[in-house]
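What follows is a single structure, written as structure tokens, with notes after it.
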There are 2 protein chains.
Amino acid sequence: MTAAAPKSPEASGARALTSFRTIKTEILRRIRDRVWQPGELIPGEEDLAREFGCARVTVNRALRELAQIGIVERKRRAGTRIAEHPLREARLEIPVVRVEVEALGAQYRFSVLSREILAAPEAMRARLDLSGKVRMLHLRCLHFADNRPWQFEDRWINLAAVPDIEGERFDTMSPNEWLVKNAPFSEMEIALSATAATAEDADLLGIAKGDPLFVFERTTWLLDQPLTHVRMLHRPDYRMVSRF
Amino acid sequence: MTAAAPKSPEASGARALTSFRTIKTEILRRIRDRVWQPGELIPGEEDLAREFGCARVTVNRALRELAQIGIVERKRRAGTRIAEHPLREARLEIPVVRVEVEALGAQYRFSVLSREILAAPEAMRARLDLSGKVRMLHLRCLHFADNRPWQFEDRWINLAAVPDIEGERFDTMSPNEWLVKNAPFSEMEIALSATAATAEDADLLGIAKGDPLFVFERTTWLLDQPLTHVRMLHRPDYRMVSRF
DNA sequence: TTGACAATTATGTACATACATATCGTAATT
DNA sequence: AATTACGATATGTATGTACATAATTGTCAA
């Protein structure tokens, strides 16, 4: 073997047998078939590399990606183990209200109830980890499906982070959609809960005061800079469904 | 320098300046500062590697991870561009009640309210896509955090699919946890909603009739065979949170 | 017994290199 | 003109190597 030349892949064309995908799949199979039980320590990267006949880095990538989706847990000196609670992750895609409504075959419409620029109130500053005086755009919108109230949206936008939105009139595009199109984010927090409709909520959504509401809150950041916080209220008959 | 030895990093110790994390952050910064607009094509890996003074593989990893979270879109011959519609998918983890409660520092306890084996009622057969006479295990459990009702669980289990559970007494392990450990599934549907507490719900959870409840329903299948359907009710102060 | 510290070890990351693969544009062919 | 073939190109992945870093374990001393 010459000094610098890395050995050609097995001389024969037996490539692709050692792809990190293959390894991921094989590890998943072993978990499924209970070869490796939850909580169990699995062989180290070196050993697996030897077993699969590939480089350690390849095993590393496979395991790293499995760790990312929560299948295994890794710690430096301690090794890799199968996650105790195969914490399955549901994928909820961030919906654009319009698309969601139209998918039901209904006519979509929205209206901006109020629009004001003000200093962030204390509660919002705390929630967004902001300090000092921060100008925010506060919007309240109502979304309709076939002229029936569908969602009430109460949104705060950090103008320092999304300056372009200050000039927006939202004649055609809802704030929701505008932000999805124009404000990429890197981090997000969502919270789901139930609450009782206040008199105002009830009035807006056309239901009775005290009726249960489904609450979807979402906060987004780009690089530690908070972009927006939104609280969406849905009528009691709303169901958020996800299958996979 | 010997033949095989890769050149030491810049001779000086100026390492870690070119980490893939640094590159990720810098790219996010450029997006935030509108240096690169949504939809725009950014320089190729080679160019960026040259700019950042690192190997192409390092840029590749940074960009790959950004693509994974939907910030950029990549196509082979076409290059990398800032995502136009950062259609993000939220990953909502499926919690094991006990772990969830204990994570709050509270004492976990559960009690099985009822346990009966019967033929699947029509509604359940429809929901699970079952036909004919199907024996099911119907369980009703109450979960506590520090002796305060936390979740009411109403579960139906397809005994044909999970025969081993028929003998289970659930003395120590809750049905939830037993199933997570022993009944792997391939498909799942979740539905989130809000509802008003019935008199019975209210009694069990220690709240008032009509109070809003957060409802989490989950159905799982293994290869088209339905395993279980569960409906979990939470007190009004419950929030399901997920950050990423 | 306990606490500090060093040795050990498994994972984490960076790099140069080579080759794989998808896809776009263009040229040759029908 | 439509179709096909092909080359160019950007990303995708595998490898050997080297060093970084976190965490455990063993050792020794207070």
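Throughout, a chain's letter reflects where its sequence line sits, starting with A, and its residues are numbered from 1. Values in this document were obtained by computation on a predicted structure and should not be read as measured data.
By the ring pair (Phe, Tyr, Trp, His ring centres under 6.0 Å) test, A/His229 is found to be paired with no residue, residues two or more places apart in sequence or in another chain being considered. Remark: A/Arg127 engages A/Glu217 in a salt bridge (charged side-chain N to carboxylate O under 4.0 Å, His left out) (not counting sequence neighbours). Under the salt bridge (charged side-chain N to carboxylate O under 4.0 Å, His left out) criterion, B/Glu26 pairs with B/Arg29, B/Arg30, not counting sequence neighbours. Applying the ring pair (Phe, Tyr, Trp, His ring centres under 6.0 Å) rule to A/Tyr238 yields the partners A/Trp150, A/Phe214, A/His234; only residues at least two apart in sequence or on another chain are considered.
If you measure from atom CZ of A/Arg61 to atom C1' of D/dT13, you get 7 Å, rounded to the nearest angstrom. As a whole-Å value, the separation of A/Lys75 NZ from D/dA22 C1' is 10 Å. Atom CZ in B/Arg74 sits roughly 14 Å away from atom C1' in C/dT21 (whole-Å rounding). As a whole-Å value, the separation of A/Arg81 CZ from C/dA10 C1' is 13 Å. Distance, A/Leu48 CG to D/dT15 P: 14 Å, rounded to whole Å. If you take CZ of A/Arg21 and P of C/dA20, they are 17 Å apart, rounded to a whole angstrom. With rounding to whole Å, A/Asn60 atom CG is found 14 Å from D/dT17 atom C1'. One interatomic measurement links the two molecules: CD1 of A/Ile23 to C1' of D/dT13, which rounds to 12 Å at whole-angstrom precision.
Atom CD of B/Gln68 sits in a crowded spot, with more than 12 heavy atoms from other residues, nucleotides or ligands closer than 6.0 Å.
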Sub-3.5 Å pairs of nitrogen or oxygen atoms, protein against nucleotides 4-7 of chain D:
none

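The side chain of A/Thr80 has C/dT11 as its nearest neighbour among C/dT11, D/dT15, D/dG12. Across C/dA16, C/dA14, D/dT11, the shortest atom-to-atom separation from the side chain of B/Ala55 is found for C/dA16. Side-chain atoms of A/Thr58 lie closest to D/dA14 of the nucleotides D/dA14, C/dC15, C/dT11.
Classification of B/Glu73 and B/Arg81 as a salt-bridged pair fails, no side-chain N sitting under 4.0 Å from a carboxylate O. A salt bridge between B/Arg231 and B/Glu153 is absent, with no side-chain N of the basic residue lying under 4.0 Å from a carboxylate O of the acidic one. Here B/Arg235 pairs with B/Asp237 in a salt bridge; the nearest charged N to carboxylate O distance falls below 4.0 Å.
Counting atom types as modelled, B/Arg56 pairs a side-chain N or O with a base atom of D/dT13 as donor and acceptor under 3.5 Å. With hydrogens and angles ignored, a donor-acceptor pair under 3.5 angstrom links the side chain of B/Arg76 to the base of C/dT21.
B/Phe216 carries B/Arg218 over the face of its six-membered ring, with the cationic atom under 6.0 Å from the centre and within 45° of the normal.
For residues 35-47 of chain B, proximity to DNA chain D is found at B/Gly44, B/Glu45, defined as any non-hydrogen atom under 4.0 angstrom from a strand atom.
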